[in-house]
Each structure stands twice: as C-alpha cells, then as structure tokens.
Amino acid sequence: MRQFTLSTANGTLLGFLVLTADSDSEPQSGNCMIQLHEASLPAEAAAAARALAPLCGQLLAWQPQGDGIALYDSAGRPAADIRQQYLRLGGQTLLLTDLEGNL
C-alpha cells in the first residue's frame, strides 16, 4: 500500500490518494481511493477540488501505462494519470507527495 497527499502547485492540501496492489510481489495493477481534505480551501484551489470530487468515494483501478500509471473510474473509464510525482485529471495537475518518502 502506498499513501500520498494531493496538493496544488502552491502547496494547498486537497486530499489523499491510497494505492493498493493486487500482488505485493509483482504490483502490476490494483485499486485506489481518493479522499478530499475536510478544510476550507482558498479560491485558487477550488477548480482542482472540483476536478477531484467526482472520483472521491469510488473504488478506482490503476494499471501501469507507458512511463506512468493510468487510473480508471468505477465504470472502467480513464479518469486520471500519474506521471512522476504528478496526478493529472480534468485539466488539473496536482502534486503527489509520498507519505512514506519513497515516490
């Protein structure tokens, strides 16, 4: 299991992402969940929070794709992708910070 914070480019905490693998020995796919941070946000973070909101509470799936990871919503549609330390969705790019320090 890997846990990450999701933040805007200016450091506003928006929420958390938890990735779990189907197999610990060869993590080729798995599930993930996004949870929004329960705090009032500055106006400049509102668009990013709106982009995240539809995915919160869903059991998402993930798979490696090229040099990153693709996230799929509960209906199997592409929802977001992760490249290096960034989550991209709905025209927003959010910073991922590995809570274990090993991104």
Side-chain angles (χ1 to χ4, degrees):
M1 178 171 65
R2 301 288 297 269
Q3 301 174 54
F4 304 89
T5 60
L6 295 165
S7 304
T8 62
N10 68 2
T12 302
L13 177 65
L14 295 176
F16 303 91
L17 171 69
V18 177
L19 293 172
T20 59
D22 291 336
S23 166
D24 287 334
S25 61
E26 291 188 43
Q28 295 298 314
S29 64
N31 295 308
C32 63
M33 295 274 308
I34 294 174
Q35 178 182 357
L36 283 178
H37 182 57
E38 299 290 329
S40 52
L41 298 171
E44 63 270 8
R50 282 192 303 273
L52 276 177
L55 299 179
C56 293
Q58 290 188 47
L59 183 61
L60 307 172
W62 67 267
Q63 291 184 309
Q65 183 178 55
D67 62 349
I69 295 173
L71 302 181
Y72 299 91
D73 67 15
S74 59
R77 296 180 298 254
D81 65 79
I82 297 172
R83 299 282 184 267
Q84 297 177 0
Q85 73 267 24
Y86 298 100
L87 174 77
R88 300 181 307 178
L89 77 157
Q92 301 292 316
T93 301
L94 305 176
L95 178 64
L96 290 170
T97 303
D98 188 341
L99 291 174
E100 296 175 26
N102 298 320
L103 183 65

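We count residues from 1, following the sequence as given. Hydrogens, waters and symmetry mates are skipped; everything else that's a heavy atom, side chains included, is used.
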Evaluate the side chain to side chain contact (heavy atoms under 4.5 Å, CB included) criterion for residues Thr20 and Met1: first the C-alpha distance (whole Å), next the side-chain angles of each, then the deciding distance (0.1 Å), finally the verdict.
-> CA-CA 4 Å; Thr20 59; Met1 178 171 65; 4.1 Å; yes
Worked check of side chain to side chain contact (heavy atoms under 4.5 Å, CB included) between Leu89 and Leu71 | CA-CA 10 Å; Leu89 77 157; Leu71 302 181; over 6 Å; no
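Rounded to the nearest 0.5 Å, atoms OG (Ser7) and CZ (Phe16) are 8.5 Å apart. To the nearest 0.5 Å, atoms CG (Leu14) and OG1 (Thr5) are separated by 9.5 Å. With rounding to the nearest 0.5 angstrom, the OG1 atom of Thr97 is 11.5 Å from the CG atom of Leu17. Within the model, atoms CG of Leu6 and CD of Gln92 stand 12.0 Å from one another, a figure rounded to the nearest 0.5 Å. With rounding to the nearest 0.5 Å, the separation of CG in Leu19 from CD1 in Ile82 is 5.5 Å. In this structure, OH in Tyr72 is found 13.5 Å from CG in Asn31, a value given to the nearest 0.5 Å.
With a 4.5 Å cut-off between side-chain heavy atoms of Ile, Leu, Val, Met, Phe, Trp and Tyr, the cluster of Met33 takes in Leu59.
Formation of a donor-acceptor pair under 3.5 Å by the Gln58 side chain with backbone atoms of Asp73 is not found in this model. Of the possible donor and acceptor atoms, none in the side chain of Trp62 sits under 3.5 Å from a partner among the backbone N and O of Ala21.
The nearest pair of heavy atoms linking Arg2 to Glu100 is CA-OE2, 4.2 Å. Across every non-hydrogen atom of Leu60 and Ser74, the tightest pair is CD2-N, 4.4 Å.
In terms of the salt bridge (charged side-chain N to carboxylate O under 4.0 Å, His left out) criterion, residue partners of Arg83 (sequence neighbours excluded) are, by chain and number, Asp67.
Counting only heavy atoms from C-beta outward, the side chains of Leu95 and Gln85 approach each other to under 4.5 Å. Residues Thr8 and Glu44 are not in side-chain contact: their nearest non-hydrogen atoms beyond the backbone lie 4.5 Å or more apart. Between Thr93 and Arg88, the closest side-chain pair of non-hydrogen atoms falls below 4.5 Å.
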